[in-house]
Amino acid sequence: MPDAFKLGFAPFALPARGVLIVFCNDGLQLGPATRDLLGNAAQMVRKAATTERFKGKLGSTLDIVLPAGLQATRLVVVGCGQSSELKSSDYLRLGGVAMGKVPAAAGDAMILAELPNGAMKPEHAADLALGARLRVYAFDQYKTKQTDDEPKPGSAHVTVGVSEPGATRKAWADREALADGVVLARDLVNEPANILFPEEFARRAMGLRKLGVAVEVLDVPAMKKLGMNALLGVGQGSAHESRVVIMRWNGGKRGEKPVAFIGKGVCFDTGGISIKPAQSMEDMKGDMAGAACVVGLMQALAQRKAAVNAVGAIGLVENMPSGNAQRPGDIVKTMSGQTIEIINTDAEGRLVLADVLHYVADRFAPKFMIDLATLTGAIIVSLGQEYAGLFSNDDKLAERLTKCGERTGERVWRMPLGPEYDKMIDSKFADMKNTGGRFGGSITAAQLLQRFVGKTHWAHLDIAGTAMGSPQTDINKSWGSGWGVRLLDRLVSDYYEH
Ligand code: BES
Ligand code: MN
Ligand code: ZN
């Protein structure tokens with residue numbers, strides 16, 4: 001399944017074929033090593049820039065086909081704007097832009113990781129490589145018509161020219177783990193629901209065992225025994241059994257409280273008896289993106305041997321209408337003991353999360369827990385597809401998530417919680433109902449979740465807008481974006497590793 005992307009680091013050199021990619025700033029300056037290597041060809045860059053009105057703006061490109069005096073078939077100049085002001089996410093973007101200029105047929109590419117003021121630092125060159133890796137991702141294994149003489153975009157052999165290959169390879173090891181986590185999350189989101197149902201999802205999560213992650217799977221009898229009736233109610237209409245998967249990575253101090261991540265894993269959401277309209281229903285194969293992110297994150301943490309104790313827990317169900325499906329008006333008793341009246345069977349994600357959140361808080365007493373869920377269409381109405389909705393009972397955690405959002409480009413926007421909203425889900429017949437009406441739909445959903453976290457520090461990320469079908473970027477051309485893996489890996493590395 002992984003695309004055949006080959007990446008290496010080597011000292012600066014000219015390639016014998018393929019595409020050569022170099023960087024310049026908004027003064028059209030190249031780096032010293034780049035200038036030396038290009039020799040007379042460097043003059044060509046200035047001339048071509050004038051003809052093409054290329055200004056070296058961050059992310060813009062200039063193409064020179066069959067550059068005279070070089071063996072490369074194409075010289076691409078990528079602008080990096082004010083090169084002294086680049087952030088880590090800009091290096092990812094530059095890597096993505098560079099890879100975008102390597103057509104499938106080119107085969108090989110050499111990227112000279114140098115800015116006008118000199119070689120990129122090893123960690124920046126590694127960031128660039130991460131951007132390149134994420135850019136070439138393609139979910140194309142169900143396309144049967146590709147032939148051998150038409151190589152896949154992911155089959156390029158890319159060399160990143162650097163000043164310190166050894167140090168860069170070291171820095172790359174952590175980024176490679178992160179890339180593998182994002183790729184795993186994307187694959188899971190893109191996979192159709194006839195292939196990826198709860199049991200199969202659980203099997204794929206078990207693949208993390210080879211990295212030293214302890215993976216425990218709760219089947220239906222185990223969940224019945226625990227009293228997870230809200231989760232089981234959602235899954236009861238499906239021919240596929242529900243599962244909960246608990247993943248534990250213990251890279252931190254012995255006995256130190258874990259950080260915890262919880263994901264909504266609705267492998268397909270028809271809406272159930274409150275069935276959805278046909279239009280775009282196929283997108284609901286991605287309603288497990290929260291769970292996919294958690295698995296991808298656990299992969300990244302384990303593979304880079306993060307110095308943290310982390311728990312990942314995902315609730316896997318399929319929401320289907322059938323003779324055995326849950327009805328509007330049904331009342332379920334959750335594992336926490338609280339009861340929920342089902343008003344709309346399409347508000348199923350919160351039911352799944354109610355039991356998993358309680359289970360994690362109760363069993364692990366984590367430092368904090370963060371859940372991710374493609375929870376509401378309303379969050380797309382509020383924030384569009386650029387920011388995920390953030391809800392939290394903890395200002396410090398919310399602030400850290402917001403900062404990491406800015407650092408990684410996976411941005412979050414805090415939304416309110418409060419007793420006035422909480423009242424909107426009080427029920428005539430049970431402790432609460434699963435919908436709060438048309439107004440503030442994302443908020444009332446979050447209020448329901450909050451009723452299951454107790455005193456645990458908690459944040460909820462509504463990723464309905466960002467996890468699938470979000471606008472394409474220089475580092476993501478995939479429908480399933482793998483959103484959240486980079487954000488949460490950064491949260492862990494910036495604040496919870498020692
Ligand atoms: N999975 C959907 C939310 C969703 C919608 C995600 C569109 C991505 C794109 C969720 O289970 C759902 O159906 N929510 C309902 C809640 C309503 C019934 C209260 C919604 O948003 O309409
Ligand atoms: Mn739904
Ligand atoms: Zn859903």
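Each ligand, and each atom within it, is numbered from 1 in the order the structure gives.
Of all the atoms in ligand 1, the ones that sit under 4.0 Å from a non-hydrogen atom of Thr374 are 1 (N), 2 (C), 3 (C), 6 (C). Against a heavy-atom cut-off of under 4.0 Å, Thr376 is close to the following atoms of ligand 1: 3 (C), 21 (O). Heavy-atom contacts of Glu348 reach the following atoms of ligand 1: 11 (O) (cutoff under 4.0 Å). For ligand 1, the atoms sitting less than 4.0 Å from at least one non-hydrogen atom of Thr435 are 19 (C), numbered in the order shown with element in parentheses. Taking every heavy atom of Arg350 and a limit of under 4.0 angstrom, the matching atoms of ligand 1 come to 16 (C), 19 (C).
The side-chain heavy atoms of Glu348 and Lys264, taken from C-beta on, include a pair separated by under 4.5 Å. With contacts defined as side-chain heavy-atom distances shorter than 4.5 Å, the pair Asn476/Val182 does not qualify. Contact annotation: the side chain of Met228 approaches that of Leu218 to within less than 4.5 Å [non-hydrogen atoms, C-beta and beyond]. Counting only heavy atoms from C-beta outward, the side chains of Thr374 and Asp269 never approach each other to under 4.5 Å. Two residues are said to be in side-chain contact when any heavy atoms from C-beta on lie closer than 4.5 Å; Val294 and Met247 meet this criterion.
Geometry note: the Zn ion (ligand 3) is the vertex, Glu348 OE2 and Asp287 OD2 are the arms, and the angle is 100° (rounded to 10 degrees).
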>> Between Gln338 and Ser336, is the side-chain hydrogen bond (donor to acceptor under 3.5 Å, both in side chains) condition met? List the steps.
In response: CA-CA 6 Å; Gln338 302 176 85; Ser336 76; 3.2 Å; yes
>> The test is side chain to side chain contact (heavy atoms under 4.5 Å, CB included); show your working for Arg350 and Ile425 and say whether it passes.
In response: CA-CA 12 Å; Arg350 62 200 78 180; Ile425 54 169; 5.8 Å; no
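Residue-level proximity to ligand 1 for Arg438 is absent, since no heavy atom of it falls below 4.0 angstrom.
Closest N/O/S atom of Glu348 to the Mn ion (ligand 2): OE1. The atom of Asp269 nearest to the Mn ion (ligand 2) is OD2, with the search restricted to N, O or S atoms.
When hydrogens are left out, the protein atom nearest atom 14 (N) of ligand 1 is Leu375 O, 3.5 Å; that is the closest non-hydrogen contact. The protein atom (non-hydrogen) at minimum distance from atom 6 (C) of ligand 1 is Ala464 CB, 3.6 Å. Scanning the protein for heavy atoms near atom 12 (C) of ligand 1, the closest one is Asp346 O, 3.2 Å. At the top of the distance list for atom 18 (C) of ligand 1, counting protein heavy atoms only, stands Asn344 ND2, 3.5 Å. Taking atom 9 (C) of ligand 1 as the reference point, the nearest protein heavy-atom neighbour is Met284 CE, 3.5 Å. With respect to atom 21 (O) of ligand 1, the closest heavy atom belonging to the protein is Gly377 N, 2.7 Å. Shortest contact from atom 2 (C) of ligand 1 to any protein heavy atom: Asp269 OD2, 3.6 Å. Ranking the protein heavy atoms by distance from atom 8 (C) of ligand 1 puts Met468 CE, 3.3 Å first.
With 2.8 Å as the limit, Asp269 counts as an N, O or S neighbour of the Zn ion (ligand 3). Not a single N/O/S atom of Ala373, whether from backbone or side chain, sits less than 2.8 Å from the Zn ion (ligand 3). Counting backbone and side-chain atoms alike, Asp287 contributes no N/O/S atom closer than 2.8 Å to the Mn ion (ligand 2).
Residue contacts with ligand 1: Lys264 is included, with a non-hydrogen atom under 4.0 Å away.
Ring geometry, Phe197 versus His240: the interplanar angle falls under 30°, so the pair is classed parallel (tilted spans 30 to 60°). Under the 30°/60° scheme for interplanar angles, the aromatic rings of Phe368 and Phe261 are found to stand perpendicular.
No hydrogens or angles considered: a donor-acceptor pair under 3.5 Å links the side chains of Tyr137 and Asp187. Asn319 and Thr270 are not linked by any side-chain donor-acceptor pair at a separation below 3.5 angstrom, with hydrogens and angles left out of the test.
Proximity of a side-chain donor or acceptor of Arg486 to a complementary backbone N or O of Gly409 within less than 3.5 Å is not detected.
Salt-bridge annotation for Asp494 and Lys403: absent, with no side-chain N of the basic residue lying under 4.0 Å from a carboxylate O of the acidic one.
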